[in-house]
Engineer: 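Got a structure for you, questions after.
All of these numbers come straight from a predicted model, not from anything done at the bench. Letters A, B, ... are given to chains in the order of the sequence lines, protein chains preceding strands, and every chain is numbered from 1.
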Amino acid sequence: MSDTVGCTIEKKLLPTLLLNESKHSRVFIPKQSDGVTEYAVFGKGDTPDLEAGQSRLSPKSFFFPQTETLYAFDYDTIEPSASEEAAEAPVVLFAVRPCDSASFELLDQVFGPENHGYHDPYYEKKRDNTIVVTLACNKPGSTCFCTSVGGDPAGTRGADVLAFDLEDRLYLEGLTTKGKEFLARNGEVLKEAAETDREVANTLASSARESMPAVEYDRATVKKNLDDQFDNPIWEKITNTCIGCGACTYLCPTCHCFDICDEERHYKGRRIRTWDSCQYAQFTKHASGHNPRPTKTERLRQRFMHKFSYTVESVDEVYCVGCGRCVRYCPVNLDIREVLREFSST
Amino acid sequence: MEDRVEQTSQAIRNEARRLFEADEIDVFIGFESGSLPLSSRPAFLTAEEIAQDPSKIDTLVWDSFCTSNLATYLLRYYANEPNRRKKREKPYPRVGIAVKGCDCRSVYTLAKERQVQRDSLRLVGVPCAGMVDVRKIQEQCADEIVACEEVDDSISITLRNGESTKIDREKALRRSCLECRFPKPENTDSIIDTPARKPGDGGRATLEAFEQKSSDEKWQYFSDELTKCIRCNACRQACPTCWCKECFAEHTDLKWIGVGSDLTDAMVFQITRIYHQAGRCVECDACYSACPMGVDLRTYTNRIAQDVHELFDYLPDFNPETSPPLATFSEADSNDFITDPEQAHE
Amino acid sequence: MSEQAVKANPYVPMPVTLESVAIENDAKDLKTFALAFENDEDREQFSYLPGQFAEVSILGVGESPFGIASSPTEKEHLLFTVKRAGSVTQELHRLDTGRRLGVRGPLGNSFPWDRIAGKNIIIVSGGFAFTTLRSSITYMLDETNRDRFGDITVLYGVRSPGELLYKETIAQWKERSDIGINLTVDREPDEPWDGTVGLVPNVLRDLGPSPKGAIVLVCGPPIMIRFTIPVLKELGFGEDDIILSLENRMKCGIGKCGRCNVGPKYVCVDGPVFTLAELQQLPAEY
Amino acid sequence: MGNQVGDVATTKPDSTAETTIAADDWQPSIVAFLCNWCSYAGADLAGVSRLQYGPNVRIIRVPCSARVDPQFILKALQNGADGVLVSGCHPGDCHYIHGNLVARRKFAVIKKFLEHIGIESERVQFSWVSASEGSRFAALMNSVIDGVKRVGPSRKLVKEL
């Protein structure tokens with residue numbers, strides 16, 4: 001198989017491929033229940049729901065679970081947790097959406113050693129151990145805006161394999177060594193793609209792209225405006241509706257703030273890390289009682305500054321992939337796209 | 001004849017305008033159209049803004065998507081924000097607020113608990129026709145909803161695939177609205193002339209069905225629901241009567257519950273939160289509507305409200321004089337639940 | 001634990017023993033804890049410079065970041081001066097010596113020792129923020145280092161004489177001729193006091209150190225810093241020569257948990273030490 | 001890579017103190033919050049009167065039954081208690097005039113609520129025992145232990161660590 005022409009698989013053969021993989025890996029596929037899409041372990045007889053669209057919770061939790069044991073301890077010893085130490089079975093994440101796989105690359109920059117030289121073995125081991133098969137979006141959702149923040153409905157960032165849904169079959173391209181190996185070892189259910197398959201895939205991608213509403217977002221302008229208007233009372237107005245919950249941050253694929261705390265009973269315990277949110281009053285509160293971000297206004301501003309100014313400055317990345325989860329699930333419809341619009345005027 | 005939505009919206013605008021013109025209020029809290037279909041969100045209009053641009057009043061709407069309990073937003077004007085304390089000398093802002101039956105009862109609950117100043121409020125009562133459960137509508141649709149229009153008692157929906165459908169409003173209402181005992185606000189400063197629903201049975205029928213479950217079945221149901229919880233605190237933040245400055249769940253000095261995704265921690269959080277609502281919860285379903293994961297909190301808020309009603313003959317009301325039942329006691333309270341070893345051994 | 005392993009997993013603390021506890025102030029809510037590494041290799045790999053901090057763990061309770069109060073020239077133990085405030089510090093204050101604790105670090109940057117070398121050093125401090133300055137002074141006064149620095153002037157203010165940290169160490173410094181020690185208390189004290197009386201900014205103005213070839217390290221409560229900076233500017237100090245150390249709530253200490261940022265900078269990895277020039281580029285969220 | 005970090009208490013627990021109990025011989029562990037003025041004195045009287053009751057109870061003395069926040073009960077259940085008892089002075093006898101009457105309202109609500117989520121009614125019980133009722137205390141304890149034994153070891157709401 002050449003690099004430019006990928007391969008195809010008939011949809012009815014997908015379970016065979018996934019079953020093959022599940023012999024040596026834990027395979028996760030999108031499934032829908034009660035109207036909620038989530039990634040569930042593939043078992044015999046399962047078919048991935050490729051129509052299911054975006055998962056409610058972002059797949060960041062595969063690498064950065066909501067709660068993770070850093071190590072267990074008892075009276076005498078301290079033992080790194082199984083997830084860090086044990087050689088776990090590799091993972092195949094099947095049909096991740098391009099926005100979410102792009103978020104993995106952004107998380108890599110936080111948890112990886114490029115960030116001031118510190119490794120995060122928990123994250124890194126799981127990340128190294130995983131093959132990400134990204135499924136391009138033929139029908140982007142109405143709250144999706146990946147193209148506005150540099151993404152694409154057929155984006156390859158963070159993906160090992162990129163797949164396109166061509167109705168009766170998938171068109172697949174191996175992007176990384178891991179991804180190419182994945183395809184090579186499943187050769188028996190794959191066929192070399194025709195030049196037309198790729199063309200169809202391209203057509204689907206461009207029509208998906210065109211169907212997406214553009215949010216006026218210019219990275220440099222927004223950053224400048226955010227920096228200049230740090231003290232603008234506009235923030236108070238934006239914060240009016242905010243109720244200060246952390247739903248946006250917990251659903252966001254790039255939000256990665258965490259807390260570390262101990263749980264202990266009868267001389268045994270564990271140190272865990274759990275998701276935390278900059279939207280919570282306690283997040284930055286000093287032991288003295290002083291809080292650098294005492295009200296919702298500062299906390300909400302922090303969320304936007306972090307994504308659209310601070311990370312642009314420190315790592316030249318926007319920490320928003322345009323998945324639209326925060327738009328869709330904000331209890332009070334505080335819409336990130338409208339905030340960007342607010343800071344877009346020159 | 002104008003339809004109900006337009007008529008009610010117009011009446012609220014007129015009343016808000018009147019309040020501003022008469023210089024009776026500094027702020028008006030109502031709803032405006034949201035950025036998504038099926039969403040209306042809290043809107044804040046200030047006297048200053050209106051003086052500059054009186055047409056802003058026209059952004060106010062009142063339809064079947066005004067699910068937030070606006071009483072939540074009153075807390076900030078009194079003691080809830082740290083900044084407020086320093087400025088205590090300043091008089092409280094005079095706030096006009098559109099209230100449904102549930103919002104209004106919350107306002108009175110807060111007034112009894114001295115969290116808001118009734119005198120500084122102008123309650124604009126809006127007899128409630130019930131608010132819809134967006135999830136119920138989505139369940140009836142095969143594709144994503146991209147637009148909607150509400151006319152009288154039906155909601156026209158346009159789907160992403162171009163299809164359109166009409167939904168009977170009544171069938172899409174939230175459970176709490178169908179069962180609501182107090183759709184019509186009382187003791188308000190003015191009231192909009194629009195019909196309210198007929199009062200419901202307070203959920204008696206649903207609860208009786210629930211009571212048929214065995215202990216283990218109830219536990220299973222509770223476990224299934226709480227498994228969905230991601231601890232984002234949207235329920236707490238959306239709730240007008242969750243006004244503690246520091247929630248028990250965030251105490252670190254005496255750590256009541258773990259902060260991770262442990263199921264029992266999520267349960268203890270919710271048990272305690274709902275228990276804290278005993279005699280205060282108005283069953284507005286703001287918590288349920290805010291939950292990004294769709295956890296059924298209604299069953300439990302409804303249950304505890306019923307229990308308080310049965311035990312102490314109290315429902316949060318529109319009367320500023322009555323005492324919340326858990327702030328008082330009576331010699332005549334039931335002793336039925338007390339274990340009496342003598343009786344047990346008979 | 002080996003250096004390799006620490007690098008591989010920066011979340012795992014190194015075992016240390018609590019050697020001694022000294023009560024520092026009359027209110028008894030400030031204590032200095034001396035910790036000794038249990039493993040020699042840990043002691044060796046823990047090479048730090050004054051201004052850095054470390055996370056101290058009590059397993060089962062949690063961990064908290066503290067500035068290192070000892071100097072790298074004091075090899076026998078690590079010192080941390082801790083105020084009783086949150087859950088970890090309350091537990092620390094209850095501990096008996098001999099207890100095993102954990103330490104992660106050293107973390108953060110340090111005072112810019114390359115830049116400081118060859119200059120006159122002015123140290124301005126208030127309250128219990130003196131910890132990393134104790135480290136710095138001890139470091140500079142060490143016989144292997146003293147030649148690298150010019151005049152050393154210390155101004156240290158506390159509310160009352162009973163709140164003065166490191167009384168014995170300071171007494172030793174006063175004996176020396178190669179350092180100027182100026183102590184001040186806010187109000188005329190009831191007890192005997194041989195220092196000056198007055199607030200740090202005012203005493204600093206009277207002292208009037210020359211900015212020429214000098215660098216100033218400032219650590220103290222926000223209110224002291226707010227009034228000290230204008231005085232330093234008045235005296236002619238440039239923004240690059242005024243060096244401060246920040247505090248913010250932290251968890252991981254390694255730039256990942258997203259808690260301690262001030263603008264795009266993380267106090268844990270980009271700080272805690274910043275020049276005034278750097279700080280003025282940042283929002284005042286600290 | 002076992003490291004030598006990890007003291008969580010100043011004295012090491014005596015591992016021999018933990019005995020294994022066969023499943024059929026299961027004894028529930030019960031946490032009892034007793035008011036200082038009545039029920040704790042009642043327990044004391046039961047003790048000095050050498051009245052027999054099950055050895056399964058861990059008593060926590062509280063100044064008044066009203067001191068018991070339902071959070072205490074939940075914490076006990078999360079930490080693996082098979083049963084929780086709260087006992088105070090009889091209505092009318094409260095040392096703090098009407099603490100127990102305020103408490104009674106809280107307990108009535110939380111007890112019902114725990115039943116709604118599927119916690120067996122035997123697990124969490126409330127009672128009144130006066131300082132002179134040693135025998136009532138012993139009978140109460142036996143009754144609570146019997147009740148908890150009937151529903152078996154607690155599995156719901158127990159946090160695994």
Side-chain angles (χ1 to χ4, degrees), chain A residues 70-71 73-76 78 80 84-85 110-111 113 115-124 227 230-231 255-265 267-271 273 276-278 282-293 298 301-302 305-306 309-315, chain C residues 1 5-15 55 57-64 82-91 100 102 104 107-109 221-222 246-270 281-286:
Chain A
L70 296 177
Y71 36 87
F73 48 80
D74 63 16
Y75 196 80
D76 293 317
I78 171 166
E84 197 249 323
E85 204 60 6
V110 175
F111 290 104
N115 180 359
H116 294 87
Y118 289 106
H119 283 276
D120 188 294
Y122 308 93
Y123 176 90
E124 284 171 32
D227 292 346
F230 189 82
D231 294 316
C255 274
H256 52 265
C257 290
F258 60 85
D259 192 2
I260 297 178
C261 59
D262 289 11
E263 297 193 329
E264 180 255 335
R265 187 193 297 156
Y267 311 104
K268 280 188 176 171
R270 61 189 174 203
R271 182 159 287 173
R273 76 154 155 221
D276 204 344
S277 169
C278 57
Q282 306 293 315
F283 188 69
T284 49
K285 194 173 170 189
H286 294 193
S288 65
H290 168 69
N291 194 344
R293 294 200 278 266
E298 293 90 24
R301 181 176 60 194
Q302 159 69 15
M305 294 299 292
H306 193 180
S309 165
Y310 300 160
T311 52
V312 172
E313 186 161 334
S314 59
V315 289
Chain C
M1 180 181 276
V6 171
K7 285 215 170 124
N9 192 339
Y11 295 99
V12 177
M14 295 170 271
E55 293 267 358
S57 274
I58 312 173
L59 290 179
V61 181
E63 60 181 355
S64 288
V82 177
K83 190 179 171 80
R84 191 174 65 223
S87 48
V88 172
T89 55
Q90 284 183 37
E91 184 62 23
R100 181 179 292 140
R104 290 201 288 129
L107 300 167
N109 62 2
L246 291 192
E247 283 187 354
N248 246 357
R249 188 162 186 200
M250 286 176 194
K251 285 286 174 177
C252 72
I254 55 174
K256 301 196 193 287
C257 80
R259 193 173 302 260
C260 65
N261 76 299
V262 179
K265 300 285 182 201
Y266 283 94
V267 174
C268 64
V269 284
D270 300 311
Q281 303 297 313
L282 302 177
E285 285 190 338
Y286 46 85

Engineer: Just so I understand: if I count every heavy-atom pair under 4.5 Å between each of A/R265, A/E263, A/K285, A/M305 and chain C, which residue has the most?
Structural biologist: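 Winner by heavy-atom pair count: A/K285.
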Engineer: Would A/T284 and C/E285 count as a side chain to side chain contact (heavy atoms under 4.5 Å, CB included) here? Give the steps.
Structural biologist: CA-CA 10 Å; A/T284 49; C/E285 285 190 338; over 6 Å; no
Engineer: For A/Q302, is it the side chain, the backbone, both, or neither that has a heavy atom closer than 4.5 Å to a heavy atom of chain C?
Structural biologist: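 For A/Q302, the contact with chain C is made by the side chain alone.
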Engineer: Report the distance from atom OH of C/Y286 to atom NE2 of A/H286, rounding to the nearest 0.5 Å.
Structural biologist: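 Result: 11.5 Å between the selected atoms.
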Engineer: Is C/L107 close to A/Y118 at the side-chain level, that is, under 4.5 Å between some pair of heavy atoms?
Structural biologist: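 In short, these two side chains touch, coming nearer than 4.5 Å.
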Engineer: To the nearest 0.5 Å, what is the distance between CG on C/N261 and SG on A/C278?
Structural biologist: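 Taking CG in C/N261 and SG in A/C278, the distance rounds to 8.5 Å.
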Engineer: Quick one: what part of A/H256 sits under 4.5 Å from any heavy atom of chain C, side chain, backbone, both or neither?
Structural biologist: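 Both backbone and side chain of A/H256 come within 4.5 Å of chain C.
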Engineer: Heavy atoms only, distances under 4.5 angstrom: which of C/C252, C/P264, C/G86, C/G62 has the most pairs with chain A? Name it, please.
Structural biologist: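 Of the options given, most contacts go to C/P264.
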Engineer: Check the pair A/I260 / C/C257 against side chain to side chain contact (heavy atoms under 4.5 Å, CB included), numbers first and verdict last.
Structural biologist: CA-CA 9 Å; A/I260 297 178; C/C257 80; 5.9 Å; no
Engineer: Report which part of A/R273 has an atom under 4.5 Å of a heavy atom belonging to chain C: side chain, backbone, both, or neither.
Structural biologist: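 Contact with chain C involves the side chain of A/R273 alone.
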Engineer: Are any of the side-chain heavy atoms of C/E63 and A/D262 separated by less than 4.5 Å?
Structural biologist: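 No. Closest side-chain heavy atoms not under 4.5 Å.
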Engineer: Below 4.5 Å, heavy-atom pairs only: which of A/A287, A/G269, A/C257 has the largest tally toward chain C?
Structural biologist: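 Top option by heavy-atom pairs under 4.5 Å: A/C257.
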Engineer: Out of C/G263, C/G255, C/G258, which one racks up the most heavy-atom pairs below 4.5 Å with chain A?
Structural biologist: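 That would be C/G263.
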Engineer: Output, in order, the C-alpha distance, side-chain angles, deciding distance and verdict of side chain to side chain contact (heavy atoms under 4.5 Å, CB included) for A/Y310 and C/V262.
Structural biologist: CA-CA 9 Å; A/Y310 300 160; C/V262 179; over 6 Å; no
Engineer: Considering non-hydrogen atoms only, spot the tightest contact between A/P292 and C/N248 and give its length.
Structural biologist: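 Minimum heavy-atom contact is CG-OD1, 3.4 Å.
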Engineer: Can you tell me if C/K256 uses its side chain to pair, donor with acceptor, with the backbone of A/H119 under 3.5 Å?
Structural biologist: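 Not confirmed, C/K256 side chain does not pair with A/H119 backbone.
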Engineer: Which bit of A/F230 is near chain C, if near means a heavy-atom gap under 4.5 Å: side chain, backbone, both or neither?
Structural biologist: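 For A/F230, the contact with chain C is made by the side chain alone.
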Engineer: Indicate the atoms forming the closest heavy-atom contact of C/G60 with A/F73, along with that distance.
Structural biologist: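 Result for this residue pair: N-CZ, 3.2 Å.
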Engineer: Does C/R259 pair with A/D276 as a salt bridge, N-O distance under 4.0 Å?
Structural biologist: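 Here C/R259 pairs with A/D276 in a salt bridge, since their nearest N and O are under 4.0 Å apart.
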Engineer: Atom CG of C/N9 and atom CD of A/E124: how far apart are they, to the nearest 0.5 Å?
Structural biologist: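 If I round to the nearest 0.5 Å, the distance is 10.0 Å.
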Engineer: Do C/R249 and A/Q282 have side chains that approach each other closer than 4.5 Å (heavy atoms only, starting at C-beta)?
Structural biologist: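 Yes. Closest side-chain heavy atoms under 4.5 Å.
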Engineer: With distance as the sole criterion, is a donor-acceptor pair present between the side chains of A/D120 and C/Y11 under 3.5 Å?
Structural biologist: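 The criterion, which ignores hydrogens and geometry beyond distance, is satisfied for C/Y11 and A/D120.
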Engineer: Within this structure, what is the CG-CD distance for the pair C/L59 and A/E264, rounded to the nearest 0.5 Å?
Structural biologist: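 If we round to the nearest 0.5 Å, C/L59:CG and A/E264:CD are 9.5 Å apart.
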Engineer: Would C/S57 and A/R271 count as a side chain to side chain contact (heavy atoms under 4.5 Å, CB included) here? Give the steps.
Structural biologist: CA-CA 10 Å; C/S57 274; A/R271 182 159 287 173; 2.7 Å; yes
Engineer: Salt bridge or not for A/E313 and C/K265, using N-O below 4.0 Å?
Structural biologist: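 Salt bridge between A/E313 and C/K265, a charged N being under 4.0 Å from a carboxylate O: no.
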